[in-house]
Asker: 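The structure follows.
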Amino acid sequence: MNGTEFEPILAPSWGYALLAIFGIVWVALGIWWGRKATTYEGYAVAGRNVGLAMGAATAVATWITSNTTMLAPQLALELGVLGMLAYATASFGLFAFAPMSGRIRALMPQGFTAVEFVRRRYGAAGYFPFLLISIFYAVTWLISMAMAGGKLLEVLSDIPYGTGMSVVLVVCMLYTLFGGLFAVIGTDFIQSVIIAIGLVVVAVTILMHVNVGGVYDEVTTERPMLMNMMFPAALMALFNNMLFGFGEIFHSNVWWSRAFAMRESVGPKAYLLGGILWLPIPVVAGFLGLAGPAVGVGITSPDTVGPLVAAELLGTVGALVVFVIVFCSLASSIDSLLAATADLLAHDVVLPVVARQAQHEPSDRTKRRCAAGAVIFLSVVAWLFAIQENSNLAQVLFFAGPMVGSCIWPILGGLYFRRPGRWAACLAMVAGSACGLWAYFGIGYFVASLVGAAVSAVVFAAATWWAPAEFDFQRLQAPPQRESLSPGESGV
Amino acid sequence: MRRPTACRPWLLPAILAGLLAGGFSASAAAQDPPENQPPLQFIEAVDGEPVREIGPVQEGYVTLVWTRDPQAAGYRVLGESGRVLYEGRMRQTFLSGLPDGVHEFRVASVDEQGEVIREGPQPVTVTVEHWPLALAWTLFGVGAVVMLALVTVLVIGSRDSAMTATT
């Protein structure tokens with residue numbers, strides 16, 4: 001080993017320069033795309049006119065989060081080959097959402113958010129727990145992304161954590177604020193191209209520099225359980241991660257807003273294509289985690305092993321590539337979260353209050369201001385938590401695993417079948433979340449989503465059998481109204 | 001019908017703030033090690049207290065943290081066979097893939113040339129006891145059943161909605 005392990009991989013001046021360049025370019029793009037967002041519908045759902053290329057690109061880019069560059073290698077390093085494969089199964093969620101996106105678009109051609117669907121489908125009993133779960137998950141994900149940004153930039157180029165985190169968050173806030181979903185999807189397209197090229201470069205270089213057999217020998221010697229297909233924790237994590245991914249996608253307004261934004265019949269193809277394009281990425285990233293010990297990279301924290309190994313193998317140019325990939329993956333997720341969660345807060349929390357007090361539907365201008373205000377509010381909240389640099393804060397995201405797992409059945413059953421009623425949805429979410437959280441603390445994070453989804457399934461089925469409803473899907477065709485939370489009534 | 005968040009707009013932010021605060025308070029911050037700790041002392045990541053034995057860990061991975069040596073340019077962690085498992089400037093390392101058993105690790109500080117300056121006063125032992133395979137396979141089976149049910153429901157629902165759309 002030489003002395004370079006005692007210095008940052010990329011000189012801070014390079015890091016600052018890249019941050020400045022990307023920050024200015026991305027905000028400028030946000031302002032430019034923002035010219036299209038002249039109405040609330042344009043701002044929130046990009047005019048419902050997104051085509052296949054943009055649709056697939058935004059699906060891929062949004063699902064390539066900093067988790068893909070950090071968590072995939074981490075799972076490989078913690079849980080071995082099975083852990084790496086477990087992470088790759090998150091693409092199955094995109095495959096499953098493909099037909100669902102078409103169903104969503106057909107059922108609610110004037111819809112805006114996932115919470116709106118749950119409110120109109122299940123009423124107050126479903127609305128309240130689902131809203132809490134949605135916001136809790138979105139905010140914790142947002143905070144974890146911001147923290148990941150600060151941490152990665154510090155590890156790669158010694159940019160102080162607070163500075164890096166703040167710059168990434170502010171840049172994402174600004175271009176989302178100016179351009180809404182137009183800017184988010186447009187920058188996603190550019191980011192997905194950059195990420196794809198960068199990962200191909202990284203993958204090819206790894207194969208040129210690393211002896212796969214040597215990696216196997218080294219890992220088998222130093223960390224034998226990582227290659228063991230009978231690794232107990234990894235076996236438990238396999239379906240858990242898959243169900244966490246399903247729950248994330250099925251419930252999150254990040255994906256529903258895109259379903260509403262895409263043209264009719266584009267959604268299923270875009271999500272299917274996105275899943276196919278995304279599938280190999282965590283395998284490449286995961287291999288970096290396994291290669292870390294073999295190439296002599298000092299691993300301090302499992303979530304930084306991926307970028308560190310890539311930068312170690314590729315030198316300064318490679319470090320630049322890694323920096324750019326990391327920035328793009330962070331930005332593509334943070335902007336999606338900001339836009340989708342702001343729409344949810346505005347559409348399903350603030351605007352109903354405004355409408356009730358004014359006793360008429362808010363104007364388009366008011367809606368846009370609410371959404372913009374929500375973007376700023378969420379950014380401030382995320383910054384306030386992330387600036388504390390509490391290294392265990394990111395673990396809070398895993399609390400949301402059982403909660404989102406419990407939402408799978410109310411969403412799936414509610415989209416396709418008339419019989420599930422409000423109590424089936426409510427009880428499934430509450431019981432699934434409670435039991436999943438018990439499993440989280442009693443066993444571990446790697447079983448929490450599985451337990452949440454399994455309990456939710458049993459409760460949902462039992463409650464549907466015990467108290468069936470007869471929902472009329474035609475009622476979802478009408479434009480959204482805000483006066484009532486009774487399910488089954490026409491638009492209200 | 002009464003709408004909780006519409007009639008009481010403060011309710012949702014209050015509940016959300018409580019959930020977030022509760023979640024974050026359950027995750028304790030890593031503290032700076034207390035003053036007067038000897039250099040290269042293994043410490044707990046959570047509270048900075050000295051530690052000699054860790055475990056049992058059931059997933060086979062552990063993060064080792066140690067106190068600072070003011071003269072060090074970097075640090076080196078060695079395994080039981082003297083094999084170097086970590087070398088770098090940070091005061092922690094992550095080890096994983098450990099099999100069942102008791103494992104001993106040592107830390108040393110090194111200078112810019114990689115020469116050892118000082119060795120840690122005591123090693124740390126990590127006891128690994130993996131989860132029972134019976135539990136693992138049971139949960140694997142439950143997961144497979146849930147996934148199968150999910151796919152079945154999705155296929156049936158998609159097929160029925162397609163048939164409804166064409167009739």
Side-chain angles (χ1 to χ4, degrees), chain A residues 1 3 5-6 77-80 96 99 103 106 124 128 131-132 135-136 139-140 219 222-226 230 232-233 235-236 238-240 242-243 246 298-302 349 352-353 356 385 388 390-393 395-396 399 408 412-413 415-417 444 447 450 453-454 457 484-486, chain B residues 1-6 9 12 15-16 19-20 23-24 26-30 58-61 63 73-74 83-90 92-99 112-114 130-133 135-137 139-140 142-144 146-147 149-151 153-154 156-158 160-161 165:
Chain A
M1 298 211 180
E5 60 269 17
F6 304 139
L77 196 57
E78 288 178 350
L79 300 176
R103 176 70 172 167
F128 197 55
L131 180 67
L132 281 176
I135 293 180
F136 180 76
V139 172
T140 52
V219 173
E222 272 193 24
R223 303 174 188 241
M225 290 303 291
L226 298 187
M230 294 291 123
L235 285 171
M236 290 193 277
L238 188 65
F239 283 110
N240 183 77
M242 203 184 301
L243 289 165
F246 274 77
I299 300 168
T300 58
S301 178
V349 178
V353 176
R356 185 179 178 87
F385 278 104
Q388 299 173 47
N390 182 332
S391 60
N392 288 312
L393 277 179
Q395 298 299 319
V396 179
F399 292 175
I408 291 173
L412 190 59
L415 275 175
Y416 288 107
F417 303 100
V447 299
L450 168 59
S484 170
L485 283 171
S486 297
Chain B
M1 176 179 289
R2 191 178 69 181
R3 295 191 298 137
T5 55
L12 176 63
I15 292 174
L16 180 62
L19 279 173
L20 283 171
F24 294 142
S27 304
Q58 293 179 286
E59 296 82 34
Y61 55 76
T63 298
R83 191 183 182 93
V84 176
L85 300 175
Y86 168 77
E87 190 159 21
R89 59 193 170 89
M90 308 297 277
Q92 72 177 56
T93 186
F94 178 80
L95 304 173
S96 64
L98 301 172
E112 290 282 357
Q113 285 71 44
H130 283 278
W131 292 99
L133 264 178
L135 174 63
W137 280 115
L139 288 170
F140 184 91
V142 170
V146 174
M147 274 305 304
L150 194 155
V151 171
V153 168
L154 183 59
I156 293 173
S158 299
D160 290 351
S161 65

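Only a predicted model underlies this, so the values are computations on that prediction, with no experimental measurement involved. Only heavy atoms go into these numbers, but all of them, side chains included; no hydrogens, no water, no symmetry mates.
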Asker: Sort A:Leu243 into side chain, backbone, both or neither according to what part of it lies under 4.5 angstrom from a heavy atom of chain B.
Answerer: side chain
Asker: Counting heavy-atom pairs closer than 4.5 Å to chain A, which one of B:Pro132, B:Ala149, B:Gly157 comes out on top?
Answerer: B:Gly157
Asker: Is any side-chain heavy atom of A:Ile408 closer than 4.5 Å to a side-chain heavy atom of B:Val146?
Answerer: no
Asker: Please determine, among A:Gly444, A:Ala453, A:Pro302, the option with the most heavy-atom pairs under 4.5 Å with chain B.
Answerer: A:Pro302
Asker: Side chains of B:Phe94 and A:Glu78: does their closest heavy-atom pair fall under 4.5 Å?
Answerer: yes
Asker: Go through B:Met147 and A:Phe246 one step at a time and tell me if the side-chain contact (heavy atoms from CB on, under 4.5 Å) criterion holds.
Answerer: CA-CA 10 Å; B:Met147 274 305 304; A:Phe246 274 77; 3.7 Å; yes
Asker: Going by heavy atoms in the side chains, are A:Pro232 and B:Leu135 under 4.5 Å from each other?
Answerer: no
Asker: Chain B heavy atoms under 4.5 Å from A:Leu415: which part of the residue, side chain, backbone, both or neither?
Answerer: neither
Asker: With a 4.5 Å heavy-atom cut-off, do B:Val153 and A:Phe417 have their side chains touching?
Answerer: yes
Asker: What part of A:Ala454 lies closer than 4.5 angstrom to a heavy atom of chain B: side chain, backbone, both or neither?
Answerer: both
Asker: Does any backbone or side-chain atom of B:Phe140 lie under 4.5 Å from a heavy atom of chain A? Answer side chain, backbone, both or neither.
Answerer: both
Asker: For the residue pair B:Trp131 and A:Ala233, what are the closest heavy atoms and their distance?
Answerer: CD1-CB, 4.3 Å
Asker: Side chain from CB out, backbone as N, CA, C, O: work out which of these in A:Met230 comes under 4.5 Å of a heavy atom of chain B, or both, or neither.
Answerer: both
Asker: Are A:Phe239 and B:Leu139 side-chain neighbours, meaning at least one heavy-atom pair lies under 4.5 Å?
Answerer: no
Asker: Between B:Thr93 and A:Thr300 (side chain of the first, backbone of the second, donor and acceptor by atom type, cut-off under 3.5 Å), is there such a pair?
Answerer: no
Asker: Taking the side chain as every heavy atom from C-beta outward, state whether A:Arg223 and B:Ser96 have any pair of such atoms under 4.5 Å apart.
Answerer: yes
Asker: For A:Leu450, which atoms come within 4.5 Å of any heavy atom of chain B: side chain, backbone, both, or neither?
Answerer: side chain
Asker: For a quick test of reading the model, state the closest non-hydrogen atom pair linking A:Ile299 to B:Tyr86 and the distance between them.
Answerer: N-CD1, 3.7 Å
Asker: Pick whichever of A:Ala457, A:Pro99, A:Pro224 has the most heavy-atom pairs under 4.5 Å with chain B.
Answerer: A:Pro224
Asker: Looking only at heavy atoms, which two atoms of A:Leu235 and B:Ala136 are closest? And how far apart?
Answerer: CB-CB, 4.2 Å
